[in-house]
Amino acid sequence: MAQYTRVSGVVGLITLQNPPVNALSAVVRQGIVDKVETALSDPKVKSVVICGQNGNFCGGADIKEFGTKMFGPPLIPMIHSIEAANKPVVAAIEGSALGGGLELALGCHYRIAHSKARLGLPEVTLGLLPAAGGSQRLPRLIGVPAALNLITTGRHVTAAEALQLGIVDQVTDHNTVDAAVKFALSVAGRSLDARRISTYPCPRPSDLDALFEEVMQKVRQSARGAIAPVACVQAVRAAATLPYTQGMEREKELMATLFTSGQARAMQYIFFAQRAVGRWRMPSGASWDTSKPRPVTKAAVIGLGTMGRGIAVALARAGLSVVAVETQEKQLLEAKQAMSSMLERGAKRRGGVPALGLISYSQSIQAAADVDLVIEAVFEDMALKIEVFKQLTAVCKPGTLLCTNTSGLDVDQLASETPNPELVVGMHFFAPAHVMNLLEVVYGPRSSPQAVATAMQLGKKMGKASVAVGNCSGFVGNRMLKLYLEQASFLLEEGATPELVDRALEEFGFPMGVFRMSDLSGLDVGWRVRKAAGLAEPGEASGPSARIRKGYRYSPIGDLVCEQGRFGQKTGRGWYQYEKPGSRVARSDPWMHSFLEQYRARHGLVARSIDHQEVLERCLYSLINEGFRILEDGIAAGPEDIDVIYVFGYGWPRHRGGPMFYASMVGLAKVLERLEHYHQAHPDVPNLQPCSLLRRLVASGSPPVHMWREVRKKLHSQL
Ligand SMILES: CC(C)(COP(=O)(O)OP(=O)(O)OC[C@H]1O[C@@H](n2cnc3c(N)ncnc32)[C@H](O)[C@@H]1OP(=O)(O)O)[C@@H](O)C(=O)NCCC(=O)NCCSC(=O)/C=C/CCCCCCCCCCCCC(=O)O
């Protein structure tokens with residue numbers, strides 16, 4: 001709803017009231033329409049101020065209303081009537097003015113913002129465009145190039161940038177509503193002819209066609225199949241080339257296509273999933289609302305390899321005091337230099353001061369004596385980690401949380417080696433840790449809810465989507481990834497090339513296909529894991545058992561490639577070739593093609609033609625099947641947890657909503673049928689056998705994703 005009061009005798013003050021973000025729900029829209037009418041019809045009122053309750057202007061249209069029948073007054077005429085008003089209307093922007101919230105403000109005649117406010121049109125991140133006039137007003141106000149940048153990326157700008165761009169008229173450090181009222185008093189009675197943005201001509205750069213062509217090309221490339229960014233460019237083009245009313249028609253037309261698209265549904269699902277995972281729950285019943293996190297102001301990072309450096313930088317950026325420990329002197333010096341330049345580059349990009357002073361460096365683990373939490377990031381070796389945990393237990397003050405950044409070792413085993421296993425959790429960061437926005441918080445059976453709450457809160461403070469998951473080999477992300485990688489290798493054996501597999505996955509929307517990704521992260525990492533698991537054997541075995549390990553189909557292709565010293569980009573050769581070690585541009589490698597041909601010949605395999613459909617079905621459905629197993633095992637609390645992990649950590653295209661949501665869009669019955677088909681064709685790959693939760697869901701009529709937890713509960717109660 002909206003509240004109305006009269007202040008200073010002549011200013012009508014309208015306050016949006018819909019906590020926590022004052023979204024423009026039907027009731028709020030009705031409130032605005034009514035209160036604007038009241039203010040305009042009151043002869044005593046000379047000007048109007050619109051603000052939001054609790055220091056927050058407006059988070060935009062109510063996303064929960066999308067996909068339901070719309071009630072209440074529509075946004076567009078509401079904003080038009082404000083712009084057409086014959087009394088000045090001033091928006092007092094505190095907190096955020098996003099999406100429909102900024103569009104409302106653009107309909108006002110003046111905008112005053114608090115210095116800490118954030119403004120933006122993030123609709124593109126929800127699969128939409130700013131369709132309450134935003135795509136037509138913003139270019140008229142700030143010009144085409146700046147509007148294109150904001151609308152196609154959805155990025156939020158600070159009040160200072162908004163002032164510089166011309167989005168707001170004034171920025172204040174003081175009470176924004178007081179400043180807006182004062183401003184409203186000063187402009188009362190002035191002509192509003194020059195203040196209605198919809199009447200402005202859109203500034204047209206001389207090279208309009210070339211500009212749009214270039215932007216469209218870039219947007220299509222980075223959108224990876226998402227349709228909203230493309231529609232955003234088309235809408236801004238309409239602003240630049242058509243009169244306002246026709247531009248609005250085009251905006252509406254484009255929005256209609258997006259609004260009902262599966263992509264918008266997927267992206268809005270991810271928006272809510274990202275927030276839902278914060279409401280974590282452990283199988284014991286402990287949860288976010290019953291577990292209080294401990295305060296963490298000082299943390300230590302042990303081991304300054306690639307991961308440790310990124311973690312320490314991310315902690316310092318979040319404002320924590322960090323003790324960075326590396327026992328090797330040379331490595332410590334290199335790390336210090338690298339971390340300082342990471343902080344400096346980040347500060348330059350974001351426009352702040354590098355947090356260099358927050359990090360102290362030491363060669364001794366003793367330096368961690370007074371920290372609240374430690375993140376161990378040493379080499380992925382259980383014996384070494386156990387030794388480090390022993391030392392930490394002796395050095396750290398009582399109650400210090402001990403976290404391990406393992407990407408797959410048994411967190412419970414590590415915990416059991418310490419006298420206080422309840423203080424141990426996994427914090428699985430993704431490389432590079434100062435860039436990637438995902439954190440898996442791994443709890444073992446003995447981790448205390450308080451330890452989990454603390455790690456989850458710390459992850460949030462570091463700006464990461466943090467997901468609490470159970471302890472198992474590979475946790476959630478890597479456990480699923482293993483099957484995806486395995487299918488990719490089998491496809492090579494059967495006739496595919498790395499290029500074919502990667503193209504199919506990149507067309508699906510991944511930023512990189514599986515083989516290009518493997519070249520980037522290094523083939524040796526997986527090789528080491530397979531050797532430790534007793535799977536990779538030196539040299540090439542022959543005979544029928546050569547591709548069977550531990551009773552199941554196994555592809556040694558990756559091991560053989562590693563034996564050639566081909567570890568990917570860092571060695572200049574991997575699944576592809578590179579100009580030199582460290583180069584990034586992957587080029588087809590004839591060596592790889594003849595290696596695959598020889599390999600197939602040696603094993604009596606006949607290459608067959610494999611299409612993109614099969615690549616997608618085998619790689620993605622096997623990964624999804626494992627996702628169902630993870631749900632069945634209770635390692636992830638719900639499908640949202642898996643989807644957030646995949647979208648934020650593994651490059652799963654956001655417009656496809658994560659693997660579990662994607663499965664529901666494809667149709668669970670279809671996924672089941674294809675898995676059965678592939679399992680029949682490859683009976684030596686037991687992972688292709690559809691899991692019982694998937695079968696049960698299909699038998700229950702394939703309910704929507706939010707109902708899967710119920711089906712799982714029933715399945716468990718019957719076991
Ligand atoms: C920055 C934030 C605002 C705040 O962040 P923070 O403080 O961290 O808080 P959060 O945890 O994120 O959020 C707190 C809770 O609030 C919920 N929330 C947040 N924003 C919204 C919202 N906009 N709507 C509903 N709920 C919201 C959030 O989920 C949390 O609750 P919970 O934990 O999940 O319970 C941050 O929240 C943020 O970034 N919010 C989103 C901002 C945003 O993206 N805004 C844009 C929204 S879209 C929009 O505004 C579109 C405008 C144009 C609409 C035009 C309509 C025309 C319709 C025409 C249709 C034509 C089609 C016809 C088809 C046919 O023919 O049928």
Side-chain angles (χ1 to χ4, degrees), residues 16 18-29 52-80 93-107 116-138 150-151 153-158 228 231-232 235 248-262 264-265 267-280 288-289 437 456-457 459-461 463-466 638 640 644 654 706:
L16 313 189
N18 185 15
V21 302
N22 298 320
L24 295 163
S25 63
V27 182
V28 174
R29 297 196 304 274
Q53 194 187 30
N54 295 336
N56 208 353
F57 183 69
C58 175
D62 186 343
I63 308 165
K64 291 192 185 97
E65 281 184 355
F66 297 165
T68 64
K69 191 167 162 32
M70 294 285 214
F71 294 98
L75 261 182
I76 293 174
M78 182 192 95
I79 294 172
H80 273 150
I93 302 173
E94 296 170 302
S96 42
L98 299 172
L102 179 55
E103 292 177 293
L104 167 64
L106 291 174
K116 296 218 167 94
R118 317 276 301 178
L119 299 88
L121 293 175
E123 285 88 339
V124 70
T125 64
L126 298 167
L128 302 173
L129 64 88
S135 74
Q136 303 305 297
R137 284 197 180 89
L138 194 65
L150 258 62
I151 293 173
T153 61
R155 79 182 174 92
H156 301 179
V157 296
T158 59
C232 286
M248 285 299 287
E249 280 302 310
R250 183 77 178 124
E251 181 190 88
K252 187 173 163 192
E253 210 174 270
L254 290 162
M255 178 66 155
T257 317
L258 299 179
F259 201 69
T260 48
S261 71
R265 273 179 59 201
M267 294 173 93
Q268 289 156 30
Y269 160 81
I270 279 295
F271 174 83
F272 288 114
Q274 189 187 348
R275 281 143 186 93
V277 298
R279 296 187 282 273
W280 54 272
W288 66 283
D289 50 348
N437 286 330
M456 288 291 284
Q457 196 191 47
K460 190 169 177 198
K461 199 167 175 191
K464 317 251 176 238
S466 306
E640 297 85 357
V644 167
R654 184 182 269 258
H706 68 271

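The chain is numbered in sequence order, starting from 1. The basis for the numbers below is simple: all heavy atoms, side chains too, and nothing from hydrogens, waters or symmetry mates. From a predicted model like this one, the values you see are computed outputs, not experimental measurements. Every number for a ligand or one of its atoms is a count from 1 in the order of the listing.
- Applying the side chain to side chain donor-acceptor pair (under 3.5 Å) test to Glu249 and every residue at least two apart in sequence or in another chain returns nothing.
- For Phe271, there are no ring-ring contact (aromatic ring centres under 6.0 Å, His included) partners two or more places apart in sequence or in a different chain.
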Short N or O separations between ligand 1 and the protein, below 3.5 Å:
{"residue": "ligand 1", "atom": "12 (O)", "partner": "Arg275", "partner atom": "NE", "Å": "2.7"}
{"residue": "ligand 1", "atom": "12 (O)", "partner": "Arg275", "partner atom": "NH2", "Å": "3.1"}
{"residue": "ligand 1", "atom": "23 (N)", "partner": "Gly59", "partner atom": "O", "Å": "3.2"}
{"residue": "ligand 1", "atom": "23 (N)", "partner": "Ala61", "partner atom": "O", "Å": "2.8"}
{"residue": "ligand 1", "atom": "24 (N)", "partner": "Ala61", "partner atom": "O", "Å": "3.4"}
{"residue": "ligand 1", "atom": "24 (N)", "partner": "Ile63", "partner atom": "N", "Å": "2.9"}
{"residue": "ligand 1", "atom": "33 (O)", "partner": "Arg279", "partner atom": "NH1", "Å": "2.9"}
{"residue": "ligand 1", "atom": "45 (N)", "partner": "Gly59", "partner atom": "O", "Å": "2.9"}
{"residue": "ligand 1", "atom": "50 (O)", "partner": "Ala61", "partner atom": "N", "Å": "2.8"}
{"residue": "ligand 1", "atom": "50 (O)", "partner": "Gly100", "partner atom": "N", "Å": "2.8"}

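- Residues satisfying the side chain to side chain donor-acceptor pair (under 3.5 Å) criterion with Arg654, sequence neighbours excluded, are absent altogether.
- Using a 4.0 Å cut-off between charged side-chain N and carboxylate O, Glu65 and Arg29 make a salt bridge.
- By the 6.0 Å contact criterion, CZ on Arg250 is enclosed, its count of non-hydrogen atoms from other residues, nucleotides or ligands being greater than 12.
- With hydrogens and angles disregarded, a donor-acceptor distance shorter than 3.5 Å links the side chain of Asn22 to the backbone of Asn56.
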